[in-house]
Enquirer: 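Dumping the structure here so I can ask a few things about it.
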Amino acid sequence: QVHMVESGGGTVQAGGSLRLSCVYSGSIYGRACMAWFRQAPGKEREGVASIDLGGITRYADSVKGRFTISKDTSRHTLYLQMSGLKDEDTGMYYCAADDSYSPCNAGISVTPRTYDYWGQGTQVNVSS
């Protein structure tokens, strides 16, 4: 079992930056593939970025060049550095993990239910 807790959300002006954190615990095999998803009101949850155990990263086209996913295994923490924030980045951000590489290998558009473990989310609001 993997337990995940996000933090770092808040309200920021367009063009600003935020860093989200996700502290995780549990089986080491629960970290083969880790990702950030987001969900805006009235929209489906979508993949933002993923990173596998080997450090390979993938990004949604909408955030490439603006967001960076990383992890510090010694701190059991997954990060999402967000810069150049836009109104459309507003939403609830979730970290997710899976025991296998499959969700990462399937690409950033993989359905959320592919991931077994989820945090409760942290809200990001971007104001113009």
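The figures here come from the full heavy-atom set of this structure, side chains too, leaving out hydrogens, waters and symmetry mates.
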Enquirer: Indicate yes or no: at least one non-hydrogen side-chain atom of I69 is less than 4.5 angstrom from one of W36.
Expert: yes
Enquirer: Side-chain contact, heavy-atom cut-off 4.5 Å: Q123 with T90?
Expert: yes
Enquirer: Would L78 and V23 count as a side-chain contact (heavy atoms from CB on, under 4.5 Å) here? Give the steps.
Expert: CA-CA 6 Å; L78 179 72; V23 178; over 6 Å; no
Enquirer: Given side-chain contact (heavy atoms from CB on, under 4.5 Å), test H3 with Y117 step by step and report yes or no.
Expert: CA-CA 7 Å; H3 185 59; Y117 309 112; over 6 Å; no
Enquirer: For F37, what residues pass the ring-ring contact (aromatic ring centres under 6.0 Å, His included) criterion, not counting sequence neighbours?
Expert: Y115, W118
Enquirer: I'd like to know whether CD of E88 has more than 12 heavy-atom contacts from other residues, nucleotides or ligands below 6.0 angstrom.
Expert: yes
Enquirer: Any side-chain heavy atom of I108 within less than 4.5 Å of one from V48?
Expert: no
Enquirer: State which residues pass salt bridge (Lys or Arg N to Asp or Glu O under 4.0 Å) with R66; sequence neighbours excluded, sorted by chain then number.
Expert: D89
Enquirer: When you measure from the side chain of D98 to the backbone of D116, do you find a donor-acceptor pair of N or O atoms at a distance under 3.5 Å?
Expert: yes
Enquirer: Compare all side-chain heavy atoms of K71 with those of I51 and state whether any distance is below 4.5 angstrom.
Expert: yes
Enquirer: Report the C-alpha distance between E44 and Q39 in whole Å, list the side-chain angles of each, state the deciding distance to 0.1 Å, and finish with yes or no for side-chain contact (heavy atoms from CB on, under 4.5 Å).
Expert: CA-CA 6 Å; E44 294 186 351; Q39 188 167 17; 5.5 Å; no
Enquirer: Between S102 (side chain only) and S100 (backbone N and O only), is there a donor and an acceptor less than 3.5 Å apart?
Expert: no
Enquirer: Mind checking whether S17 and Q81 have side chains closer than 4.5 Å, heavy atoms only?
Expert: yes
Enquirer: Is there a side-chain contact (heavy atoms from CB on, under 4.5 Å) between L20 and Y79? Walk through the geometry before answering.
Expert: CA-CA 6 Å; L20 305 183; Y79 299 103; over 6 Å; no
Enquirer: Tell me whether K43 contacts the main-chain N or O of G91 through its side chain, where contact means a donor paired with an acceptor under 3.5 Å.
Expert: no
Enquirer: Is Y93 close to E6 at the side-chain level, that is, under 4.5 Å between some pair of heavy atoms?
Expert: no
Enquirer: Name all residues meeting the salt bridge (Lys or Arg N to Asp or Glu O under 4.0 Å) criterion together with K64; count only those two or more places apart in sequence or in a different chain, and write none if there are none.
Expert: D61
Enquirer: Do the side chains of R58 and N105 get nearer than 4.5 Å, heavy atoms only?
Expert: yes
Enquirer: So, for D87 and V126, which heavy atoms are closest and what is the spacing to 0.1 Å?
Expert: OD1-O, 3.7 Å
Enquirer: Taking the side chain as everything from C-beta on, heavy atoms only, tell me whether T68 gets closer than 4.5 Å to Y59.
Expert: yes
Enquirer: Would you confirm whether T122, through its side chain, and S7, through its main-chain N or O, come within 3.5 Å as a donor-acceptor pair?
Expert: no
Enquirer: Quick check: closest heavy atoms across G121 and M92, and the distance to 0.1 Å?
Expert: C-SD, 3.7 Å
Enquirer: What closest approach, in Å, do M34 and C104 show between heavy atoms, and which atom pair accounts for it?
Expert: N-SG, 4.1 Å
Enquirer: Flag this pair as yes if the NZ/CZ of R45 is under 6.0 angstrom from the six-membered ring centre of Y94 and inside a 45 degree cone about the axis; otherwise no.
Expert: yes
